[in-house]
Amino acid sequence: MSTVQYRIVVAKRDERVTGADDADVVFTIPAADVTADGFDATVGFMRGVLKASGPSGAILDALKSGAADAALAELATQI
């Protein structure tokens, strides 16, 4: 099982982060994109707005399961 970290970039040197610092997969997205109406993590990833690093299988699993949408939505409430 891969560990995942989610990052929402609010401004330079201002990020909201959840997950382990040594995570296998890291998702990063600007705050303006994740708080937009109708945000979908899979669509954001395909458009290049949601950046991800790590093994592609783990990235696609997080997107397919909806875990990325749920985690980013929860993290966006901190903005």
Side-chain angles (χ1 to χ4, degrees):
M1 186 88 197
S2 297
T3 56
V4 182
Q5 182 183 72
Y6 298 94
R7 296 173 166 265
I8 296 178
V9 180
V10 179
K12 190 173 185 177
R13 297 183 187 197
D14 183 9
E15 296 180 341
R16 302 301 184 270
V17 180
T18 186
D21 286 336
D22 63 344
D24 301 321
V25 176
V26 178
F27 287 98
T28 307
I29 188 164
D33 293 311
V34 77
T35 57
D37 288 340
F39 171 75
D40 182 287
T42 303
V43 174
F45 178 72
M46 297 304 289
R47 290 183 177 167
V49 174
L50 175 64
K51 305 293 184 184
S53 63
S56 58
I59 292 168
L60 296 176
D61 286 344
L63 292 170
K64 182 179 178 183
S65 69
D69 280 315
L72 289 169
E74 175 67 27
L75 196 55
T77 63
Q78 297 179 17
I79 299 173

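What's counted below: heavy atoms across the whole structure, side chains too, no hydrogens, waters or symmetry copies.
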Would you mind reporting whether F45 and L63 have side-chain heavy atoms less than 4.5 Å apart? yes
With a 4.5 Å limit on heavy-atom distance, are the side chains of L72 and L50 in contact? yes
To check you understand the geometry: which heavy-atom pair defines the closest contact between G19 and Q5, and what is its length? O-NE2, 3.6 Å
For the pair T3 (side chain) and D24 (backbone), establish whether a donor and an acceptor sit closer than 3.5 Å, ignoring hydrogens and angles. yes
Under a single-linkage definition using a 4.5 Å side-chain heavy-atom cutoff for Ile, Leu, Val, Met, Phe, Trp and Tyr, are I79 and V17 assigned to the same hydrophobic cluster? no
Scanning both residues in full, the closest heavy-atom pair of F39 with D33 reads CD1-O, 3.3 Å
Which heavy atom of G54 sits nearest a heavy atom of I59, and at what distance? O-CD1, 3.6 Å
T35 and A76: which non-hydrogen atoms are nearest, and at how many Å? CG2-CB, 4.3 Å
Can you list everything that forms a salt bridge (charged side-chain N to carboxylate O under 4.0 Å, His left out) with E15? Sequence neighbours excluded, please. R7
What distance separates R16 CZ from T77 OG1, expressed to the nearest 0.5 Å? 10.5 Å
Cluster overlap V26 with M46, hydrophobic side-chain contacts below 4.5 Å: no
D14 atom CG: more than 12 heavy-atom contacts under 6.0 Å: yes
Taking the side chain as C-beta and beyond, is there a heavy-atom pair between V9 and T28 under 4.5 Å? yes
Report yes if the side chains of S53 and V25 come closer than 4.5 Å at any heavy-atom pair, otherwise no. no
From CD (Q78) to CD1 (I8), nearest 0.5 Å: 8.0 Å
Could you tell me whether the side chain of I29 reaches within less than 4.5 Å of the side chain of V49, counting heavy atoms only? yes
